[in-house]
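Each remark here refers to the structure printed beneath this line.
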Amino acid sequence: MTQSKKLLLIDGNSVAFRAFFAMHQQLESFVSPDGLHTNAIYAFNNMLDIILKEVQPDYALAAFDAGRTTFRTAQYADYKGGRSKTPEELSEQFPYLQELLKDRGITPYQLSNYEADDIIGTLAREADEQAWDTSIVTGDRDLTQLTSDHTTVVITVKGVTQLEKYTPQHVEDKMGIKPSQIIDLKGLMGDTSDNYPGVTKVGPKTALKLLDEYGSIENLYDHVDEMKKSKLKEHLIEDKNQAFLSKKLATIDRHAPLTLGLADIPYTGDHLEELAEFYRKLNFKSFLNKLQPAAGDDGANPFAGQLHEYTELTAANLAAALKPTAPQAFEIEMLDDNYHTSPIVGFVLGTPGHWYVSSQPELLQTDAMHAWLADESRRKYVFDGKRNYVAANRMGGHLQGLEFDLLLASYLLDVNNNSNDLGEIAHSYGDMDVQTDAEVYGTGAHRSMPEDANVFYQHLTQKAAAIYQLEPDLYQKLKDHEQDQLFRDMEMPLSVVLAEMEIAGITVDAERLKKMGAEFQQTLKVLEEKIYNEAGEKFNINSPKQLGVILFEKMNMPVIKKTKTGYSTSVDVLEKLKSYSPIIDDILNYRQIAKIQSTYVEGLLKSILPDHKVHTRYLQTLTQTGRLSSVDPNLQNIPIRLPEGRKIRQAFVPRQDGWEIFSSDYSQIELRVLASISGDTNMQEAFKEGRDIHANTAMKIFGLDDPSQVTPNMRRQAKATNFGIVYGISDYGLSQNIGISRPEAKRFIAAYFEQYPQVKEYTEKSVQIAREQGYVETLFHRRRYLPGIHSKNFNVRSFAERTAMNTPIQGSAADIIKVAMINMQQALRAEGLQATMLLQVHDELIFEAPSAEIETLKKLVPKVMDSAVKLAVPLKVESAYGPTWFAAK
DNA sequence: GGAGTCACG
DNA sequence: ACGTACGTGACTCCA
């Protein structure tokens with residue numbers, strides 16, 4: 001049996017548009033030497049790499065639209081009317097895109113009067129008839145109407161390098177209709193981007209309902225007279241012609257008069273010489289480097305000009321390598337994310353023209369290397385200093401003299417670009433000389449060392465060179481943003497503090513956890529039995545889908561909320577169902593215990609290392625606000641609010657007998673930040689006089705004149721309002737949160753703003769600033785861009801507005817504790833204490849210390865924390881300590 | 001791998 | 001009228 005042929009069809013226009021806008025932010029860094037924008041070509045080519053590798057086609061074609069007028073505009077003059085003109089920066093790229101496709105062995109093609117869709121539809125039909133396997137790549141979901149047993153439609157999402165495959169089954173699962181019904185759907189609902197109307201007032205929901213009942217537009221209109229009287233019926237009858245026309249417009253012509261056939265479009269693979277010339281012309285160095293030398297070549301890389309030379313490091317040349325007094329780029333390579341445990345596979349160091357590489361980690365353990373690492377006057381340029389600090393520590397070294405961290409710099413310049421791959425970041429700043437780790441090592445289970453050691457060495461060298469090359473550029477950008485202090489005096493030193501905290505780790509009493517786990521297991525068993533009894537059958541309680549069937553179909557409880565995929569069974573829904581059956585309470589209990597068991601007992605046990613500790617990793621370049629996050633395990637969400645979960649904290653213990661856990665937290669730091677940056681005199685006064693801020697707010701919004709009149713419920717509502725303000729208030733959100741009506745919530749907010757007028761000004765000003773400059777800033781010039789602030793989409797814009805209010809508050813609080821941590825580490829050292837800082841939980845620092853040092857810490861820690869910055873209001877710090885983390889609160 | 005759920009500040 | 005609180009990570013199910 002011969003294998004069936006494989007055909008690849010690309011929707012050229014659609015993918016190019018996606019590619020262009022996916023890399024729109026980098027538009028100006030992707031310019032060829034002669035001024036051509038190349039961002040769409042670059043991203044398109046990335047997509048080609050992925051899809052060619054996956055499909056391995058025998059035949060391939062990329063279809064393009066021929067122009068604006070087609071047979072569809074003849075049927076409906078406004079077809080695709082009102083579309084804005086293709087940006088010049090993109091249209092100039094199309095001729096080059098076609099050249100690229102040819103050089104990569106793919107036939108570009110267009111046909112006057114027809115769209116790319118029709119070319120693709122026609123060829124896919126021809127291939128289908130011969131039972132070939134076809135893959136269609138596009139950014140346009142409408143093309144999923146072409147899926148069949150032999151035809152898969154691959155949709156580009158999140159840019160163009162993530163691909164979503166659609167088979168007929170997937171189409172049905174995702175959209176609720178068969179591929180052939182997509183045109184009926186479009187007929188009924190129309191298409192705003194293609195500018196045809198459909199039936200008045202019919203959107204996706206109504207259209208899906210109608211199709212569910214009638215199957216097609218034709219059948220619907222055969223039975224339209226039988227429908228009972230309604231507005232919908234009137235619209236359907238009135239817009240009948242439009243519906244049929246729209247369906248026709250949406251239908252891909254699968255018999256377009258093509259001037260070529262399948263036999264004319266064999267995939268011929270990369271045409272190496274032309275392709276290399278093309279890459280050179282466009283300055284695509286990384287693609288150039290990836291080109292395989294042609295068969296029969298002597299193996300030498302034909303593009304040596306793009307690659308940096310390197311020397312393999314040995315005991316003999318080590319001294320020479322370590323000699324330069326200029327800053328050196330340095331990087332220890334590990335293939336796994338978790339640098340506490342990942343094997344170390346090699347390292348690189350050097351200056352331009354003098355790169356040294358090694359795949360022998362043992363060299364890091366030599367005295368010469370140790371001396372160099374620890375020598376502060378030997379300045380190092382790195383990518384992810386924390387990762388390198390931990391790795392060096394594992395090899396017995398102490399990494400000092402960190403001068404520039406490319407990862408931290410790129411994060412500060414744009415927190416949206418939170419890639420942690422050196423290659424990706426270098427590309428985004430226009431350096432194409434270096435590949436991504438995914439390209440060199442693969443991803444997921446395929447991640448491994450390249451077979452050829454030279455490939456590995458070359459990659460390390462290119463990385464080191466990229467760090468060196470980008471340093472002046474990024475440092476200048478930091479200065480332009482007034483972020484050089486934030487970089488040099490906050491994030492750089494913090495990375496070392498975090499490394500030390502991660503290395504210290506926190507001891508976990510595994511026996512204690514196991515014992516708790518056994519108890520939870522019993523409780524779960526009992527609850528499980530009870531739930532099965534109440535439901536009258538066994539089912540998987542952990543499956544929201546199965547649970548939904550039991551509650552809402554078998555037991556007929558009212559549906560409170562729906563999710564994309566079915567019934568919602570979340571806590572707030574279950575809370576409302578409590579009165580219907582005791583099963584609800586049991587499910588809530590079961591969920592609570594199951595969560596503790598799986599995440600905090602079993603999960604935590606898995607991350608304990610042989611030293612009886614867990615070593616989290618703090619992600620310093622991830623959040624949009626400047627906060628840290630914690631992974632592997634996450635130690636920033638250990639339970640505390642409910643007594644059962646809180647017990648988990650009993651398993652977090654000091655590293656030796658006679659020591660204790662000590663914890664200090666900022667009290668209401670975000671509200672204090674708000675009081676300070678808004679300049680609100682009423683709020684500042686409350687903090688200056690040490691009043692209970694929530695009770696104070698309650699008095700103000702309820703119009704009371706004595707604190708004794710504040711009931712617990714008033715205080716609760718006032719507290720929620722305070723939080724709401726910090727989050728970027730909305731009446732709806734507040735009403736949901738405290739269970740009041742929306743008008744009531746509205747009155748709360750109005751009363752709040754009347755009492756704290758400068759807070760109101762602050763919220764308005766933040767949004768204003770975001771609109772004018774495109775970003776907001778924290779106290780220490782941490783910056784967050786908010787492109788959504790100008791969106792025409794209400795949701796997107798509203799979100800950006802709330803973010804504009806919240807980010808300076810949350811981010812400044814994050815800045816403050818970061819300063820405190822740096823000062824704290826310094827203070828512990830200066831005082832010669834054994835106490836060790838272990839954890840940070842956003843507004844809280846956790847230490848372990850000998851009992852004898854507790855009295856010192858009780859004074860020292862709050863002093864360091866509350867003096868981290870000078871605000872218009874005092875910072876308040878509260879401390880606690882005890883034999884376990886449980887007691888230290 | 002996405003969705004749902006729930007743990008934290 | 002639109003439909004939401006801000007910031008995270010881990011686990012389970014299920015395609």
Side-chain angles (χ1 to χ4, degrees), chain A residues 157 162-165 167 169-170 172-174 415 444 540-548 561-574 587-588 591-604 606-607 616-619 622-642 644-646 648-649 665-666 668-670 720-721 723-738 742 745 749 784 792-811 813-814 817 839-844:
Chain A
V157 288
Q162 274 194 44
L163 305 171
E164 219 169 68
K165 282 191 206 164
T167 60
Q169 188 58 46
H170 286 137
E172 252 191 280
D173 293 347
K174 189 123 179 179
V415 292
N540 188 344
I541 308 169
N542 289 318
S543 162
K545 197 176 164 194
Q546 294 182 34
L547 180 61
K561 202 165 81 182
K562 287 208 133 203
T563 65
K564 279 182 213 166
T565 52
Y567 312 110
S568 169
T569 66
S570 60
V571 202
D572 49 319
V573 169
L574 294 186
I587 292 166
L588 284 168
R591 281 243 180 104
Q592 196 196 125
I593 305 294
K595 171 89 180 181
I596 300 171
Q597 183 77 319
S598 68
T599 305
Y600 299 105
V601 177
E602 288 162 2
L604 206 51
K606 279 187 213 138
S607 34
T616 187
R617 276 153 43 230
Y618 288 104
L619 306 188
L622 181 135
T623 71
Q624 300 290 299
T625 55
R627 274 190 176 183
L628 302 174
S629 88
S630 157
V631 294
D632 243 14
N634 180 353
L635 295 180
Q636 291 182 318
N637 70 348
I638 302 300
I640 188 163
R641 292 172 191 169
L642 298 170
E644 295 85 347
R646 190 173 191 159
I648 293 290
R649 295 182 174 226
D665 68 287
Y666 284 114
Q668 282 128 16
I669 185 163
E670 292 190 346
T721 312
F723 273 106
I725 297 290
V726 169
Y727 292 157
I729 194 89
S730 78
D731 50 6
Y732 179 87
L734 183 63
S735 73
Q736 287 294 299
N737 194 288
I738 51 181
R742 209 164 147 171
I749 296 168
R784 180 176 184 178
K792 284 203 278 191
N793 180 311
F794 176 86
N795 286 327
V796 172
R797 192 176 63 249
S798 302
F799 177 67
E801 288 169 359
R802 293 197 294 274
T803 310
M805 305 177 210
N806 172 263
T807 294
I809 302 172
Q810 190 182 116
I817 195 165
L839 304 175
Q840 187 252 43
V841 191
H842 309 307
D843 62 359
E844 172 184 16

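Side chains included, hydrogens not; waters and symmetry mates left out as well; all remaining heavy atoms used. A quick note: this is a predicted structure, and the numbers were derived from the prediction, not measured.
Taking the P atom of each, C/dG3 and B/dA7 are spaced 29 Å apart, rounded to whole Å. Between B/dC6 and C/dC2, the two P atoms lie 28 Å apart (nearest whole Å). Comparing the same atom, P, in B/dA3 and in C/dT4 gives a spacing of 15 Å after rounding to whole Å.
Rounding to whole angstrom units, CG of residue A/Leu547 and P of B/dC6 are separated by 10 Å. The distance from atom CD of A/Gln546 to atom P of B/dT5 is 14 Å, rounded to the nearest whole Å. Following rounding to the nearest Å, A/Leu588 (CG) and B/dT5 (P) show an atom-to-atom distance of 12 Å. The nearest whole Å value for the distance from the OH atom in A/Tyr600 to the P atom in B/dC6 is 12 Å. A straight line from CG of A/Leu574 to C1' of B/dG4 spans 12 Å, rounded to a whole angstrom.
Close to B/dA3, at under 4.0 Å from its OP1 or OP2, lies no side-chain N or O of A/Lys545. Contact check, A/Ser630 against C/dT8: no side-chain N or O comes under 4.0 Å of OP1 or OP2. Remark: A/Arg591 is not in phosphate contact with B/dT5, judged by side-chain N or O atoms under 4.0 Å from OP1 or OP2.
Minimum interatomic distance between A/Ala594 and A/Asn542 (heavy atoms only, all atoms of both residues): CB-OD1, 4.4 Å. Taking each heavy atom of A/Ser629 and A/Leu622 in turn, the nearest pair found is OG-CD2, 4.2 Å.
Each of C/dG9, B/dG9, B/dT5 was ranked by its minimum atom distance to the side chain of A/Asn634; first place goes to C/dG9. Each of C/dA15, C/dC13, C/dG9 was ranked by its minimum atom distance to the side chain of A/Lys595; first place goes to C/dG9.
DNA chain C forms stems at B:1-9 with C:6-14, each a run of 3 or more consecutive Watson-Crick or G-U wobble pairs whose two key distances fall under 3.5 Å.
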- Message: Output one letter per nucleotide in nucleotides 2-7 of chain C: B when a protein non-hydrogen atom lies under 4.0 Å from the base, S when only the sugar-phosphate is that close, - when neither is.
- Response: BBBBBB
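Judged by atom type and distance alone, A/Arg641 reaches the base of B/dG9 through a side-chain donor-acceptor pair under 3.5 Å.
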